[in-house]
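First up is the structure itself, then whatever we jot down about it.
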2 protein chains.
Amino acid sequence: MITYRDKEYRCAVELTIELIGGKWKAILLWELSKKTLRFNELVRLFPNITRKMLTQQLKEMERDGLVLRKEYNQIPPKVEYSLTNFGKSFMPIILAMNQWGVDYVAGNIKE
Amino acid sequence: MITYRDKEYRCAVELTIELIGGKWKAILLWELSKKTLRFNELVRLFPNITRKMLTQQLKEMERDGLVLRKEYNQIPPKVEYSLTNFGKSFMPIILAMNQWGVDYVAGNIKE
DNA sequence: CAGTATCCGAACTGATACTG
DNA sequence: CAGTATCAGTTCGGATACTG
């Protein structure tokens, strides 16, 4: 058993899923690992995610310490999202996910 | 863009999430990688998953080619679940997930 | 620009009972 | 043993409109 922030998990995999599971978080980590991005840049990168879901996911990741939200007090507003060191610690997983795609569906990748 | 089984994905990570995302699939892959298991053994291993959800997840993984369902025609029934080679191809990801837990919450693991 | 608010249907999850 | 069936509650996800 693993205890983390007062919750119990059967195995490490379960905990990992809790932190980066869901439809969007792994992909957000992937993009943010390449480049710090502003809110609307993320919106444009992912035509399929709504602003609502994007805000929600980013907030959860910020709460969990994976993402740093930097707000510039200016008009028009400017907010930048980047990975914390903790967020970067998931990169081996994200890279493994990407590598899996390269290995197993490489023939179907179109640039 | 990646095309896989008539669906399009922005990046490999997105496709990986589609195949092994969700709350249970990664954990099921983890357990089945260690040992072929019968339905009720899985039920006992995961007190938090209901039979309904377990059936549903296993069916999806079978449909996607990750899991092999072997039914013995006998009474009482016996069904064994194991990983296909395709299912095993996700092991680098699952192992990375587990390793993350070992590295980052090791202090909180109780056997 | 970077979000909120509201509404709504779909999907997930759980409890319980039942079946070949 | 290995599931299904049913009901109900919660969360997810998307469309649209609005705000500081």
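Nothing here was measured: the structure is a model prediction, and the numbers come from that model. So that the names make sense, note that chain A is the first sequence line, chain B the second, and so on, each numbered from 1.
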Measure CE/B:Met53 against C1'/D:dA2 and give the value in whole Å, please. 17 Å
From B:Leu19, B:Leu28, B:Leu68, residue fulfilling side-chain contact (heavy atoms from CB on, under 4.5 Å) relative to B:Met61: B:Leu28
Start at the 5' end of DNA chain D and walk down; is the nucleotide closest to A:Arg51 or to A:Lys23 reached first? A:Lys23
Taking only the side-chain nitrogens and oxygens of B:Tyr81, find out if one of them lies under 4.0 Å from OP1 or OP2 of D:dC1. no
A:Phe39 has an atom CZ; how far is it from atom C1' of D:dT19, in whole Å? 14 Å
Any idea which heavy atoms bring B:Ala12 and B:Ile2 closest together, and the distance? N-CD1, 3.2 Å
Remember a base hit wins even if backbone is also touched, and classify A:Pro76 as base, sugar-phosphate or nothing at under 4.0 Å, heavy atoms. sugar-phosphate
Taking the side chain of B:Pro77 as its heavy atoms from C-beta onward, which of D:dG3, D:dC1, C:dG3 lies nearest to it? D:dC1
Counting Watson-Crick and G-U wobble pairs with both distances under 3.5 Å, what is the dot-bracket string for DNA chain D, 5' to 3', using [ ] for crossing pairs and | for pairs to another strand? ||||||||||||||||||||
Would you tell me if any nitrogen or oxygen in the side chain of B:Lys52 comes within less than 4.0 Å of OP1 or OP2 on D:dC7? no
In whole angstrom, what separates A:Glu60's CD from D:dC12's C1'? 11 Å
Can you see which heavy atom on A:Ile17 is nearest to which on B:Met97, and at what distance? CD1-CE, 4.1 Å
Between B:Trp30 and A:Cys11, the two heavy atoms sitting closest are CD1-SG, 4.0 Å
Would you find a donor on one side and an acceptor on the other, under 3.5 Å apart, between the side chain of B:Thr84 and the backbone of B:Leu66? yes
Separation of D:dG3 atom P from B:Arg44 atom CZ, nearest Å, is 13 Å
What I want to find out is whether B:Glu60 reaches B:Lys25 closely enough, with some N-O distance under 4.0 Å, to be called a salt bridge. yes
Within the pair B:Arg38 and D:dA2, is there a side-chain N or O less than 4.0 Å away from OP1 or OP2? yes
Which whole-number value in Å describes the distance from A:Asn73 CG to C:dC1 P? 18 Å
Figure out the CD/P separation between B:Gln56 and D:dG3, and round it to whole Å. 14 Å
